[in-house]
**Q** 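Have a look at this one before I ask anything.
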Amino acid sequence: MKRESMEFDVVIVGAGPAGLSAACSLMQRARRAGLELSVCLVEKGAEVGAHILSGALFDTRALSELFPDWREQGAPVTTRVNREHFYMLSNSQGGIELPAWLTPSSLHNKGSYIISLGKLCRWLATQAEALGVAVFPGFAASEALFDKQGAVCGVLTGDMGIAADGTPKTGHMPGMELHARYTLFAEGSRGHLGKSLIDRFALDSNRDPQHYAIGFKELWRLAPERHQPGLVIHGGGWPLGSNGGGFFLYHGDDGLASVGLVMDLNYQNPHLDPFKEFQRLKHHPLLARHLWDGTRQAWGARTLTKGGLNSLPEMVLPGALLLGCDAGTLNGARIKGIHTAMKSGLLAAEALVPALAEGRGGDRLAGFEMLMKESWLQRELERARHFVPALHKLGPWAGGAANWLSQNLLRGRLPFSLHDKTPDHAALKPAASCAPVTYPRADGVLAFDRMSSVHAANTGHDEDQPCHLQLTDPALPLQDNLAHYNEPAQRYCPAGVYEVLQEAGLPVFRINAANCVHCKTCDIKDPAQNITWVPPEGGSGPNYSGM
């Protein structure tokens, strides 16, 4: 098919904090250098922020580097953390509060802000457009493009108006080739193009396997007498037990609070249902006393890339860079990834402008590697490098003690090295060797069912389009996963996309692709690695407008 094309100096994939920071900084630096640049940013969500989901506690360090006057410019960063508490829950009713001196110093949040990352990204997009960046929401980058030397030279956007059987519908629009001297991939956790580039260029050679968690978030409007702007509650323990992760409750502005659960995807029991673990968590008195007479406004789920420095692939490849969670720059010790993603974008701009001024393109940006090594981002990741492996290898109590020692006394340095070499999908045990888990029925007050949650995510897909959840072997879900793991996709998917039904007395594996919230859990946790997430038609998916 002959396709239209457009030429740019730089194409950026993903309007998250990394991509938008790179875009803004590129234009700022180009102006100072007297260089005219054409920069295009494509975003698969229907609008900027539609697919953005984070807790979110925000360290403003990178924002202050990008826009020193962000307060005067009206950045939506207003609610400063003024009180914080950390709890370890022992069961559905009990637990203890840990004193500040007993929690790892990296988990203290003095100076951070409670924000909506979606709102911050929309503000950054406004700044980028004012600087001259062409921002195109509703266009999914479906493939990376390569030149004759094998270097990345842009992306192909997905076709619009293709029927489920692959035939063009009325109004069909072929995807467009966006050519670039350099391409920045900032798709977020488990980006499908980032995943393919890591494989193609062996960027993860000699690295630990990447590790992930699934994060859930609900936005609640609280009763006025319960709302305490600036209050942060973190914790671990119940209901996760020996499984890694933790919960949060942040009181933001405008009477709203965010409540959520983060669960590591290296869990072993295939009977576990992360979505239902989150729903029953909210019945614990610690959280219920804040929520019980409030109303849920929105719900969402998204994976986090949390392997840290040990799992960080090379971020530089011919003609391109991987940024933010597409690579894995989240600081697991702080459970913060916004400021680190933004810093990776700033470093990308710093490396790109001199290269573009020299007329270069398609080469490896070795300058980025040097800048990264000398940056505070590198130092943060080095200090945090043992945090996640310690929890994975030693569990929440012994791992927590090791992390307290590392963070509070040794400044991230341990006298031994910790690694987790087991990929998350390989951690699952056979269903027959694990105890079934019984969950309480959703009450519709504090706990909700899957379908009402999908509705609260404002999820929308044209059902007459090719399925974007592709099975390498369609027989595997029933042949192997059902037999050995009771088909865990029925439970690890938070949106009810995967079902095993009985038709004419026989099991049938069904994919309800229209429910998908683009969390990427299936692409990560499927024990057979049989599911590949590819982007549906641009503009599809959730719309986390206030999250």
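This is a predicted model, so every value here is computed, not measured. Quick note: numbers below take in every heavy atom, side chains included, and nothing from hydrogens, waters or symmetry partners.
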**Q** Only counting residues at least two apart or in another chain, list the ones meeting side chain to side chain donor-acceptor pair (under 3.5 Å) with E143.
**A**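 Partners of E143 by the side chain to side chain donor-acceptor pair (under 3.5 Å) criterion come out as none, since no residue qualifies.
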**Q** Pick one: which of W376, F58, Y113 meets ring-ring contact (aromatic ring centres under 6.0 Å, His included) with H339?
**A**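 It is W376, the one option of W376, F58, Y113 that forms the ring-ring contact (aromatic ring centres under 6.0 Å, His included) with H339.
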**Q** Does NZ or CZ of R296 fall inside the cone over F448's six-membered ring, less than 6.0 Å from its centre and within 45° of the axis?
**A** yes
**Q** Looking at Y544, I'd like to know if the NZ or CZ of R302 sits under 6.0 Å from its six-membered ring centre while staying within 45 degrees of the ring's axis.
**A** no
**Q** Is the distance between the ring centroids of H518 and W533 less than 6.0 Å?
**A**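 Yes, ring centres under 6.0 Å apart.
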**Q** Step through the shown structure and confirm whether more than 12 heavy atoms of other residues, nucleotides or ligands are within 6.0 Å of CZ on F216.
**A**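 Counting neighbours around CZ of F216, more than 12 heavy atoms of other residues, nucleotides or ligands fall under 6.0 Å, so yes.
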**Q** Applying salt bridge (charged side-chain N to carboxylate O under 4.0 Å, His left out), name anything that partners R450, two or more places apart in sequence or on another chain.
**A** D273
**Q** Could you pull out all residues at least two apart from W220 that satisfy ring-ring contact (aromatic ring centres under 6.0 Å, His included)?
**A** none
**Q** Return the minimal non-hydrogen interatomic distance between V81 and N109, and the atom names on each side.
**A**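 Closest heavy-atom pair between V81 and N109: CB-O, 3.8 Å.
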**Q** Run the salt bridge (charged side-chain N to carboxylate O under 4.0 Å, His left out) test against K119 and tell me which residues pass, sequence neighbours left out.
**A** none
**Q** Apply side-chain contact (heavy atoms from CB on, under 4.5 Å) to T295 and list each qualifying residue two or more places apart in sequence or on a separate chain.
**A** R221, Q297
**Q** With Y250, which residues qualify under ring-ring contact (aromatic ring centres under 6.0 Å, His included), at least two apart?
**A** H234, F248
**Q** Not counting sequence neighbours, which residues clear side-chain contact (heavy atoms from CB on, under 4.5 Å) with A513? List them please.
**A**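 In terms of side-chain contact (heavy atoms from CB on, under 4.5 Å), with neighbours along the sequence ignored, A513 is linked to C467, H468, L469, I511.
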**Q** Checking A384 now: which residues fulfil side-chain contact (heavy atoms from CB on, under 4.5 Å) with it, not counting sequence neighbours?
**A** N331, A333
**Q** Partners of R80 by salt bridge (charged side-chain N to carboxylate O under 4.0 Å, His left out), sequence neighbours excluded?
**A** none
**Q** Check residues 342-358 and write down every donor-acceptor pair under 3.5 Å in which the side-chain atom is one partner and the other belongs to a residue at least two apart or another chain.
**A**
from : atom 1 : to   : atom 2 : distance (Å)
K343 : NZ     : E65  : OE1    : 2.9
S344 : OG     : G324 : N      : 3.0
S344 : OG     : A341 : O      : 2.6
E358 : OE1    : R360 : NH1    : 3.3

**Q** Counting heavy atoms not belonging to M370, are there more than 12 under 6.0 Å from its CE?
**A**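 For M370, atom CE is not crowded (no more than 12 foreign heavy atoms under 6.0 Å).
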**Q** Using the side-chain contact (heavy atoms from CB on, under 4.5 Å) rule, pick out the option among V497, T459, N458, L53 that qualifies with V517.
**A** T459
**Q** More than 12 heavy atoms of other residues, nucleotides or ligands under 6.0 Å from CD of E4: is that the case?
**A**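 For E4, atom CD is not crowded (no more than 12 foreign heavy atoms under 6.0 Å).
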**Q** Partners of R190 by side-chain contact (heavy atoms from CB on, under 4.5 Å), sequence neighbours excluded?
**A** K195, Y212, K520, D523, I524, Q529
**Q** Under 3.5 Å, side chain of T103 to main-chain N/O of A100, donor-acceptor pair present?
**A** yes
**Q** I'd like to know whether E380 forms a salt bridge (Lys or Arg N to Asp or Glu O under 4.0 Å) with R334, so could you lay out the CA-CA distance, the side-chain angles of the two residues, the decisive distance to 0.1 Å, and finally the verdict.
**A** CA-CA 9 Å; E380 270 206 30; R334 300 183 67 192; 3.3 Å; yes
**Q** Applying ring-ring contact (aromatic ring centres under 6.0 Å, His included), name anything that partners F67, two or more places apart in sequence or on another chain.
**A** W123
**Q** Give me the atom names and distance for the closest heavy-atom approach of C153 to T183.
**A**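 Minimum heavy-atom contact is C-OG1, 4.2 Å.
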**Q** Taking atom types as modelled and ignoring hydrogens, do the side chains of D9 and S38 form a donor-acceptor contact shorter than 3.5 angstrom?
**A**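 A pair is found: one side chain offers a donor N or O, the other an acceptor, under 3.5 Å apart.
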**Q** So, does Q465 use its side chain to make a donor-acceptor pair with the main chain of E537 at under 3.5 Å?
**A** yes
